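In what follows, a single structure is set out as structure tokens and then discussed.
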Amino acid sequence: MLISGRGSNLRAIIDAIAEHRLDATIAVVISNNADAPGLQHAREAGIETLVLNHSAYPSREDYDRALVGELQARGVGLVCLAGFMRLLSPAFIAAFPNRILNIHPSLLPKYPGRHPQQQALDDGATVSGATVHFVNADLDAGPVVLQREVPVLPGDTADALAARILKVEHQLYPDAIARVLGESSSGGN
Ligand code: GRF
């Protein structure tokens, strides 16, 4: 799994595995940010962690080559992005064809990119949600694995909506991983 920050989705996936709702193994959690609070969730669960700081590499391609190398060295079958704040280069995506998932807090294709909750509010939406999708070369545009709706309530702030969506993300991501692993009946992530 690749993270950059809080890691609440990582935590939800760890819990789903521990509670046998998801049959998978997390081979490694890699963060581009040494201070990512989410790394602690992995350490507490006894999962290997690795910090690869992108600023230590001369180019995106060099950084992504290093990431791919670490993932391949561990035999990772499915790469799960959870709040990983880096765009992936075409070479990374080509190294794991149809085997990279991301979670996004909107009903894609609505509100891709930054601040999707604020985008939903600005749009006057009454419904938003969360999407787990395959990652391809276009930002937040790969094939959808699972989506779940979340109501936008009167008076919502972006933070309130984000918190409501996040609860749903925590159920949706393990469900989506189970679906993808079930379809490919292969190993961990
Ligand atoms: C989530 O809202 C996810 O949808 C988005 O970034 C956030 C990551 O949260 N891509 P966390 O680090 O999993 O708590």
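These numbers were taken from a predicted model, which means no experiment stands behind them. Every number for a ligand or one of its atoms is a count from 1 in the order of the listing.
- We find that R148 and E169 are not joined by a salt bridge, their nearest charged nitrogen and carboxylate oxygen being 4.0 Å or further apart.
- T157 contributes a side-chain N or O that, together with a main-chain N or O of A160, makes up a donor-acceptor pair within less than 3.5 Å.
- Residue R11 qualifies as open at atom CZ: its count of foreign heavy atoms under 6.0 Å is 12 or below.
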Stepwise side chain to side chain donor-acceptor pair (under 3.5 Å) test for Q171 and D175: CA-CA 6 Å; Q171 299 161 358; D175 288 354; over 6 Å; no
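- What sits closest to atom 3 (C) of ligand 1 on the protein, heavy atoms only, is E169 OE1, 3.2 Å.
- Backbone and side-chain nitrogen or oxygen atoms of Q117 are examined, and none is located within less than 3.5 angstrom of a nitrogen or oxygen of ligand 1.
- Distances between N or O atoms of G7 and those of ligand 1 include at least one value under 3.5 Å.
- By the 3.5 Å distance cut-off applied to N or O atoms, G5 is not counted among the residues near ligand 1.
- Across S106, G83, A82, heavy-atom proximity to atom 6 (O) of ligand 1 is greatest for G83.
- Not a single heavy atom of I3 sits less than 4.0 Å from an atom of ligand 1.
- Here the heavy atom of the protein found nearest to atom 11 (P) of ligand 1 is S8 N, 3.4 Å.
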Begin from the C-alpha positions of R21 and D15 and carry the test salt bridge (charged side-chain N to carboxylate O under 4.0 Å, His left out) through to its verdict. CA-CA 9 Å; R21 287 180 283 118; D15 288 349; 5.9 Å; no
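- Heavy-atom proximity to R6, at under 4.0 Å, picks out these atoms of ligand 1: 9 (O), 11 (P), 12 (O), 14 (O).
- Of all atoms in ligand 1, listed by their number and element, those nearer than 4.0 Å to a heavy atom of I103 are 3 (C), 4 (O), 5 (C), 10 (N).
- Not a single N or O atom of N102, backbone or side chain, sits closer than 3.5 Å to an N or O atom of ligand 1.
- Residues F84 and L166 are members of separate hydrophobic clusters, defined by side-chain heavy-atom contacts under 4.5 angstrom among Ile, Leu, Val, Met, Phe, Trp and Tyr.
- Ligand 1 lies out of reach of G38, whose nearest heavy atom is not under 4.0 Å from it.
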Run the numbers on S4 and N33 for side chain to side chain donor-acceptor pair (under 3.5 Å), then give the verdict. CA-CA 6 Å; S4 296; N33 167 19; over 6 Å; no
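- Salt bridge E61/R65: absent, no basic N to carboxylate O contact under 4.0 Å.
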